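All values reported here derive from a predicted model rather than from experimental measurement. Side chains included, hydrogens not; waters and symmetry mates left out as well; all remaining heavy atoms used.
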Amino acid sequence: MFAYVVKRLISGVLVVTLVSMAIFLLFWYGPSSPAQPICDRETSNRCGNKIELYEKTLGYDNPVYEEYGKYVKGVFVGRTLTIASNDYECSAPCLGVSYRTKQPVKEELVKRIPATFSVAIGGAFLYLLFGVPIGVAAARRRGSITDKALVSSFLFISSIPYYLFALLTWLYLTITFEIPLFSETGYFSPIKDGPWAWFSGLFLAWVALGIFGCTQYTRFTRGAMVEALSEDYIRTAKSKGLPTRTIVYKHGLRAALVPVVTIFGIDFGTLLAGTIFTERIFEIQGIGWWSLQAVQGRDLPVVQATALFSAVVLIISNLLVDIVYSVLDPRVRLS
Amino acid sequence: MTSVPMTQSSASERTSSEGPFLEVEDLTVTFPTEDGPVTAVSGLTYSVERGKTLGIVGESGSGKSVSSMAVMGLHDAKSAKISGSIRVGGTEVVGLGESRMRALRGNSMAMIFQDALAALHPFYKIGKQLEEAYLVHHSSASKRDARRKAIEMLDRVGIPQPDRRVDDYPHQFSGGMRQRAMIAMGLINDPSLLIADEPTTALDVTVQAQILDLLQDLQREFNSAVIIITHDLGVIAEMADDVLVMYAGRCVEYGTAKQILVAPEMPYTWGLLSSVPDVTASTDARLIPIPGNPPSLLRPPSGCSFHPRCLHSDKVRGDLCRTELPALLPASTGTAHLKRCHLADPVGVYQNEVLPEIAPDLVEETR
Amino acid sequence: MTQDPNAEAQIEPTEVGANAAESGERQLDSDVSDAYGSHERGVDGLDFSSLADLGHTASELDPDAPAVLTVDNLKMYFPVKSSGLVRRTIGHVQAVDGISFEVPQGGSIGLVGESGCGKSTTGRLITRLYKPTGGSMMFEGHDLAKLSNREMKPLRRDVQMIFQDPYTSLNPRHTVGTIVGAPLEVHNIVPKNKVLPRVQELLEVVGLNPEHYNRYPNEFSGGQRQRIGIARALTLNPKMLVADEPVSALDVSIQAQVVNLLQDIQREFDVAFLFIAHDLAIVRHFCPEIAVMYLGKIVEIGDRETIYGRPHHPYTQALLSAVPDVKQAAIGGRRERIRLEGDVPSPINPPSGCRFRTRCQFAQEICAKVEPPLLQIGKRHKVACHFAGELGAHPATPVTTELLGVDDQGSTVPGATPTNTQLTIPGYEKTWYDLGTKQTTGV
């Protein structure tokens with residue numbers, strides 16, 4: 001087990017390294033000079049031949065491996081970055097300085113994590129809380145009218161593109177019906193602004209994520225549960241004279257949870273890496289929102305940092321899924 | 001082992017006064033499907049005494065498993081319509097409420113299944129699954145009692161180091177050991193009726209022999225009524241006192257093992273005997289298959305459901321086989337031997353036509 | 001279209017077969033297919049005696065048939081990897097460990113044994129689904145064990161496989177015509193417009209309605225699917241078929257249909273069979289010669305009468321005595337049996353010496369020390385046991401000591417020269433070691 005985790009972590013580090021290299025290469029071999037956006041910004045779109053100055057101070061005239069080396073060194077010991085004629089101190093682990101705000105990317109990343117994590121955890125909590133039990137109930141009543149109605153209406157909701165769904169939720173609940181709880185969305189620090197502000201600011205995002213995820217998790221759970229309930233060991237459990245509750249939950253759900261947990265682990269990793277639509281629509285300034293802005297403003301260091309952050313989060317969540325899997329299913333031995 | 005004949009005789013003495021432990025009468029099981037009702041079992045009647053073994057033979061779709069699951073009450077009330085009567089130890093279980101049925105299930109009757117790897121829950125330790133079976137019927141027992149009982153049962157079915165193996169998961173057991181664990185679980189509450197559904201089909205012959213030995217020893221020890229469902233006539237010959245041959249949901253022949261396997265009177269039974277080679281048969285014996293395929297239960301053939309595959313219907317006057325379902329009537333060997341066939345002289349046909357082809361050596365012996 | 005002149009020769013026999021059908025010679029076959037092929041057609045007009053005539057008695061041995069496949073000292077070791085950071089090979093599953101046998105042309109040899117004995121692996125080695133670790137498999141002058149996959153391709157036509165499970169071995173998204181015809185296209189041996197007629201001909205041979213070529217496997221029953229699998233295997237006119245448990249997934253009444261079909265095919269097309277099954281009775285019926293395997297080794301091999309009538313290896317004896325017998329019904333109760341205790345040991349760490357010794361009631365010290373050679377003790381009978389003998393007449397002292405130059409405890413006798421008898425040759429010698437006289441004798 002320990003050796004397995006170490007092995008997976010090593011391969012994870014390798015993946016992160018490769019991702020960072022790939023992004024770095026994109027900088028160099030992109031369609032325009034990587035210094036172009038910052039030069040445009042600094043000179044109010046009158047960059048012209050000043051581009052060379054920017055390229056020189058940013059090091060874009062050096063060979064790519066040399067700059068990558070500097071970047072990696074910066075991650076471990078920090079570095080001083082020069083943009084045009086200004087120096088920016090960037091302490092380890094240095095992920096660069098935002099071209100837009102001139103702030104160290106790392107600090108901004110850390111500031112935005114709570115918002116994204118709040119959205120992800122709240123949304124996931126809601127959809128698991130409702131999705132799994134509804135899925136179990138549907139599986140137990142498989143073929144009934146309730147089951148059919150549930151499955152088809154949920155299929156309908158999940159076939160709406162999520163951004164449209166989230167937008168409609170916001171439109172109806174906030175604008176049309178003017179429900180006060182949903183009036184002000186956004187991220188508020190639970191410590192500085194108080195838990196209520198935090199709660200009410202995120203609530204609509206949670207509801208949107210929760211409903212949408214719930215329709216998916218109901219279907220996953222129902223499918224896994226239907227399969228589990230048709231297994232031979234359920235018949236065995238029944239023939240032992242166990243009460244229906246025990247059969248459904250202890251024997252059926254226990255087995256059905258394995259695939260659900262697997263999907264959830266990967267889903268949740270994606271949520272933690274930033275939910276662009278949710279954050280954009282509900283004005284939550286988390287990592288997704290930030291990365292969207294960075295892409296629009298061609299803020300390369302931020303793009304790089306958010307991409308690396310997603311890679312790290314996904315690798316860790318995948319590893320956790322595998323560990324949980326081995327705990328849930330004794331047949332899977334991690335080796 | 002030496003005391004075996006004694007226990008056996010005392011067992012039958014004891015049971016003769018009690019009457020059969022399981023009595024199935026006119027059992028019909030129908031599943032409504034989108035294409036129409038499927039009658040998987042129809043008009044089935046049989047009984048098993050304690051200490052006796054009934055073998056049920058038939059192909060897939062013959063209703064042999066469906067009828068046994070009806071005895072255990074394992075069919076979903078919403079998807080199966082059950083009529084007729086099933087009395088377990090005097091209690092009528094058709095129409096019995098779920099909670100009372102549950103009290104019987106796994107307690108006074110138990111079932112073991114073919115594929116023990118699939119039939120045991122993969123995520124729980126063997127011991128936990130045994131304990132669960134014990135605790136559900138012994139509400140006053142402590143977990144420690146249950147564990148002790150589980151170890152005792154594993155020991156009883158011949159699992160080495162039961163106190164350690166009790167904490168293994170099913171996948172850590174070999175095929176034979178899993179089937180032993182399954183049997184231990186079935187017998188943990190000392191049931192009076194044990195239904196074994198193809199208990200050795202997936203196993204190797206030497207392991208099969210071990211499991212059959214074990215079932216027989218345990219039957220003597222617990223004096224239980226046993227139903228063994230199988231397609232292997234050899235297993236039937238060595239295990240069963242009585243045999244029920246099923247085809248397309250109906251009983252087509254019923255009698256003692258000797259009557260059915262030595263003097264069968266129904267062409268389907270002949271077909272089964274002639275289509276299975278035997279390890280000790282003469283090499284001149286022909287392997288004669290039953291033509292065609294088992295019928296669809298959705299649109300069962302008219303008259304005798306075996307008639308489309310029967311090679312002897314030309315010996316029956318007129319169109320009787322196709323138009324009229326033969327009644328289950330006493331055969332020539334004795335009143336306990338029943339067969340469902342229109343043939344006027346089945347004994348003659350079997351002796352003169354079938355036997356010379358499938359067992360030429362036996363014909364010479366009898367002549 | 002291929003330019004290979006042999007390709008034309010390949011399809012020759014069936015052309016002959018098809019013509020023969022018109023002249024009535026193959027009439028038997030179509031009767032067979034009518035009789036137990038299609039359910040729809042029923043059995044009208046067929047009576048018992050005519051069906052009985054179509055049923056086959058056990059296959060007979062042709063002792064003079066030359067070998068089509070000679071397997072010599074075949075080995076397959078699967079590596080076992082350690083867990084941990086670096087995955088080292090920490091051992092081997094000795095799935096098949098030095099087996100030798102011959103498959104006679106147009107004949108059949110049966111491989112029996114319990115799960116894990118290596119019989120299926122042997123089948124997969126011969127069809128080269130695995131590449132063997134060692135040994136040779138001579139087939140038509142080629143050593144199948146040494147050929148690369150590319151070199152193997154033209155030979156794959158000649159060695160085909162019939163699989164156990166007719167439900168998973170056919171691609172559900174392909175029509176029967178595509179499944180049966182695919183080998184023709186892969187090997188590119190008939191023009192495209194000839195594929196369909198050939199497919200229909202094959203379907204007819206295996207007793208299916210030739211008009212059903214455009215149906216999908218799920219429209220057929222288990223027995224019919226197995227026929228499709230057989231038709232696919234026959235497509236390229238193989239010289240040898242490896243049948244791995246071909247009937248064990250089928251209902252009893254259907255098993256006999258398929259066994260008879262395989263016998264028809266063998267007789268008609270002169271195909272050799274390696275018949276792998278755990279059902280001893282079916283193997284006895286189909287194969288005039290049988291090899292019994294235990295933990296990757298052949299422990300006894302011989303003709304049917306010897307193996308089933310006078311087995312000399314304690315394992316063969318135990319195996320046979322474990323088979324439930326229908327005849328027992330006349331007597332009632334269970335028959336006397338040799339009880340084997342416990343399970344088969346792990347093939348990763350097989351017991352030293354004789355692999356069966358841990359479960360053998362006759363095992364003595366020598367069995368742990370020296371591996372018994374597969375010794376020819378009769379005209380067509382070889383056994384690997386220090387105490388080989390008929391049931392109830394096993395010798396008290398090892399019979400192999402003189403040959404191996406060891407004493408009764410298995411220790412090497414100083415100065416003794418082991419007699420180098422034909423211990424590993426695949427076929428049979430004209431002379432053999434007589435257990436009674438302890439002398440080499442002949443016919």
Side-chain angles (χ1 to χ4, degrees), chain B residues 59-60 160 174-177 204-210 212-213 216 231-239 241 243 257-258 260-262 267 271-281 283-295 308-312 314 349 353-354 357-358 362, chain C residues 35-39 42-43 46-49 51-52 54-58 60 114-115 221-224 251-260 263 278-282 284-285 304-305 308 318-330 332-335 337 339-344:
Chain B
E59 294 171 85
S60 44
S174 70
M177 292 223 294
D204 284 316
V205 272
T206 58
V207 183
Q208 163 171 296
Q210 292 172 355
L212 295 181
D213 282 343
Q216 227 161 24
H231 63 269
D232 188 332
L233 296 174
V235 171
I236 290 286
E238 298 204 356
M239 296 289 289
D241 299 301
V243 180
K258 194 170 174 178
I260 300 293
L261 297 175
V262 178
L272 286 180
L273 284 167
S274 67
S275 58
V276 182
D278 188 77
V279 227
T280 58
T283 45
D284 293 331
R286 287 182 192 274
L287 199 58
I288 305 166
I290 302 173
N293 288 303
R309 303 174 75 190
C310 184
L311 296 164
H312 303 278
D314 55 335
V349 177
E353 284 192 48
V354 181
E357 301 288 357
I358 65 169
L362 285 186
Chain C
Y36 47 74
S38 55
H39 177 46
V43 291
L46 187 81
D47 62 3
F48 180 75
S49 53
L51 182 77
L54 303 176
H56 293 302
T57 57
E60 277 161 35
E114 296 178 281
S115 35
S221 68
Q224 288 171 323
D251 259 323
V252 271
S253 74
I254 308 298
Q255 289 189 357
Q257 296 180 4
V258 173
V259 169
N260 277 348
Q263 276 183 317
H278 70 277
D279 185 329
L280 291 156
I282 296 255
R284 177 176 181 269
H285 184 83
R304 173 194 294 132
E305 288 65 34
Y308 286 85
L319 207 56
L320 283 169
S321 83
V323 182
D325 187 2
V326 182
K327 292 211 173 69
Q328 196 63 25
R334 307 207 63 197
R335 73 190 163 123
R337 268 172 315 95
R339 292 191 183 209
L340 281 189
E341 300 299 332
D343 291 315
V344 182

[X] to [Y] - nearest heavy-atom pair and separation:
X	Y	result
Ala329(C)	Ala257(B)	CB-O, 3.9 Å
Ala285(B)	His285(C)	O-CE1, 4.1 Å
Pro294(B)	Asp251(C)	CG-OD2, 4.3 Å
Val252(C)	Ser275(B)	O-OG, 3.9 Å
Thr283(B)	Glu305(C)	CG2-OE2, 4.4 Å

What part of [X] gets closer than 4.5 Å to chain C, counting heavy atoms only: side chain, backbone, both or neither?
X	value
Gln208(B)	side chain
Leu233(B)	both
Leu273(B)	side chain
Val349(B)	neither
Val235(B)	both
Val243(B)	neither

(request) Heavy-atom pairs under 4.5 Å with chain B are the metric here; pick the option from Ser253(C), Ala322(C), Gly223(C), Ala58(C) that has the most. (result)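 The option with the most such pairs is Ser253(C).
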(message) Heavy-atom pairs under 4.5 Å with chain C - which of His231(B), Gln210(B), Met239(B) has more of them than the others?
(response)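 Answer, by heavy-atom pair count under 4.5 Å with chain C: Gln210(B).
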(message) Below 4.5 Å, heavy-atom pairs only: which of Val205(B), Val276(B), Thr280(B) has the largest tally toward chain C?
(response)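 Top option by heavy-atom pairs under 4.5 Å: Thr280(B).
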(message) With a 4.5 angstrom heavy-atom cut-off, is it the side chain or the backbone of Val259(C) that approaches chain B, or both, or neither?
(response)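 Looking at Val259(C), just its side chain touches chain B.
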(request) Can you tell which part of Ser221(C) gets under 4.5 Å to a heavy atom of chain B, answering side chain, backbone, both or neither? (result)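 The side chain, not the backbone.
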So, the side chain of [X] versus the backbone of [Y]: is there a donor-acceptor pair under 3.5 Å, distance only?
X	Y	answer
Arg284(C)	Ala281(B)	yes
Asn260(C)	Leu287(B)	yes
Glu238(B)	Asp325(C)	yes

(request) Report yes or no: do Asp284(B) and Thr57(C) form a side-chain donor-acceptor pair below 3.5 Å? (result)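 No, no side-chain donor-acceptor pair sits under 3.5 Å.
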(message) Surrounding NZ of Lys327(C) (heavy atoms of other residues, nucleotides or ligands, distance under 6.0 Å), is the total greater than 12?
(response)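 Correct, the count exceeds 12.
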(request) Quick one: list whatever passes side chain to side chain donor-acceptor pair (under 3.5 Å) with Asp213(B), sequence neighbours left out. (result)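 Per chain and number, Asp213(B) pairs via side chain to side chain donor-acceptor pair (under 3.5 Å) with Arg334(C), Arg337(C), Arg339(C).
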(message) Checking Glu114(C) now: which residues fulfil side chain to side chain donor-acceptor pair (under 3.5 Å) with it, not counting sequence neighbours?
(response)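 Partners of Glu114(C) under the side chain to side chain donor-acceptor pair (under 3.5 Å) test: Thr206(B), Tyr315(C).
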(request) Report yes if the side chains of Gln255(C) and Pro277(B) come closer than 4.5 Å at any heavy-atom pair, otherwise no. (result)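 With C-beta onward as the side chain, the pair stays apart.
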